[in-house]
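Here is the structure we will look at.
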Amino acid sequence: MLDARFVRQNAELVRQALQDRGSDWNLDGYLELDTTRRELLAELEAAQARRNTDSKAIGALMKEGRREEAETLKAEVHSVNEVIARTEGSLAEIDGVVQEMMLTIPNLPDASVPVGANEQDNVEVRRWGTPPDFDFEPKAHWDLGPGLGIVDFERGVKLAKSRFVVLGRDGARLNRALINFMLDTHGGRGYTEWSVPAMANTETLTGTGNLPKFEDDLFAAADGLYLIPTAEVQLTNLHRAEVLDASDLPLDYTAYTPCFREEAGAAGRDTRGMIRVHQFDKVELVKFAAPENSFDELEKMVADAENILQQLGLAYRVITLCTGDMGFAAAKTYDIEVWLPSYAGYKEISSCSNCTDFQARRAAIKYRSPKEFGGSRFVHTLNGSGLAVGRTLVAIMENYQQADGTVVVPEVLRPYMGGQEAIQ
RNA sequence: GGAGAGGUGGCAGAGUGGUUGAAUGCGGCGGUCUCGAAAACCGUUAUGCGGGUAUCCCCCGCAUCGAGGGUUCGAAUCCCUCCCUCUCCGCCA
């Protein structure tokens, strides 16, 4: 959500931002509604002011025993109340539309974000590591996994439906090792670990921007709850409707959760293997930062995610998403893409975003700094994968495969695998 | 699932129809005192929106005491509905 006053006073800037994003959000329609709304509001408030002063006068007259005069004034307030009721009705109607619109306008891209239409206009920032050079024909994970008996696609379908996967034996253990390794590593770098519900209510999902616009991406559960698409939702909303202390910022949080996604618009994409599934594990990073250093914190967050890949010895590259490819809530996003032999290229394994005050405004997350400023201000929220566990598992299988079909366990994971050096 | 209690400002906690946006305490901020600090004392301290002025220094207005609706000239205060929390009992990983 954007600040209504900002949109009003910087209409052309917002128009440009929407255009850069390729958004068809109706700015002119909004501005017109906004003007009408303020006119109605002025009318309403004038009538309410009248009622308030008259009511006080009535109270005073009653005390003095001047009943007749009080009754006359009461009759006048009656007519004022009619105006109030009528104006309130019109205003509520417009307010409903305005609020709906405000919940669907995307965040403004940061000035440092490259302008572009789609993923082809994303800009590579850096690369790390070298993709493995196999002296044999490397297998894709969808062949390797079932071959080793550690990934079972058929049974995932049997238990749930397509795009669900079962991990078995060393696959399950490696998955668990990755979760623990990631949590421990981030914990060692100052992130506080949380364990949060796998379901979230509508207020929570509205706070992060998943609702109302992206309901199709979510799995709905009973009682108005949804399965979470990412722990970002929960970690960010931990402080919903709270006022934080500036001296506590930045707050660095991490959590492991399963993530559930409908993948409604992804029919036909990544259909093979476990790259795009309805349920996957992820270790998430979330930060609450002061506005003046949120972009520095974004760089640190990316470095924290990169650190996992470096320790695992997986080649990757970092790209800056262009305006047309960024998510709804983000002002700036770095994607980290890991090398996957089966794709003969880099595939997204982490996405780190600074959402500036966009989510904070929706979720009412503020901070106070009495020495710096009066009152409270919106914090900046950041989130990033650190990392998507399922895709990391895939990357390890494919990059660490041997000619004999076995998979070497990266050294940093061995303590988490009882010292095991290979999966065979 | 059954029974009861309760939801008020950053926190704790008063307030049961009329200058109550809200006592008091704690915390925060500013000041006095001090070489400095602590203590003490004094002052100050909710949020959102609209308008004026202007750009965050003020002024005016409106709204907000869990949410929504109702009664009334007037609601934190009375009535209804919903949500949530707590306590006890039952059940249970």
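Chain A is the first sequence line, chain B the second, and so forth, proteins listed ahead of strands; every chain is numbered from 1.
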Taking distance alone, no hydrogens or angles, what donor-acceptor pairs closer than 3.5 Å link side-chain atoms of residues 91-99 of chain A to residues at least two apart or in another chain?
none

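At whole-Å resolution of the value, CD in Glu88(A) and P in C62(B) are 14 Å apart. Counting to the nearest Å, the P atom of G61(B) and the CD atom of Glu39(A) are 23 Å from each other. Protein atom OH of Tyr367(A) is 19 Å distant from nucleotide atom P of A46(B), rounded to whole Å. In this structure, the CD atom of Glu71(A) is 8 Å from the P atom of C73(B), given to the nearest Å. The CZ atom of Arg38(A) sits 16 Å away from the C1' atom of C62(B) (whole-angstrom rounding). Between Glu203(A) atom CD and C83(B) atom P there is a gap of 13 Å when expressed in whole angstrom units. Per the geometry, CG belonging to Asp248(A) stands 13 Å off C1' belonging to G10(B), to the nearest Å. For the pair Arg50(A) CZ and G61(B) C1', the interatomic distance rounds to 15 Å; values are reported in whole Å.
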Query - Step-by-step side-chain contact (heavy atoms from CB on, under 4.5 Å) determination, Leu174(A) to Leu413(A) - result: CA-CA 8 Å; Leu174(A) 185 60; Leu413(A) 292 180; 3.7 Å; yes
Query - Audit row: Asn210(A), Tyr226(A), side-chain hydrogen bond (donor to acceptor under 3.5 Å, both in side chains) steps and yes/no - result: CA-CA 11 Å; Asn210(A) 303 83; Tyr226(A) 295 83; over 6 Å; no
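Below 30°, between 30° and 60°, or above 60°: for His278(A) and Phe164(A) the angle between ring planes is between 30° and 60°, a tilted geometry.
For the C1' atom pair drawn from U64(B) and U20(B), the interatomic distance equals 14 Å after rounding to whole Å.
Mapped onto RNA chain B by nearest heavy atom, Ala49(A) and Ala75(A) fall at different nucleotides, with Ala49(A) at the one closer to the 5' end.
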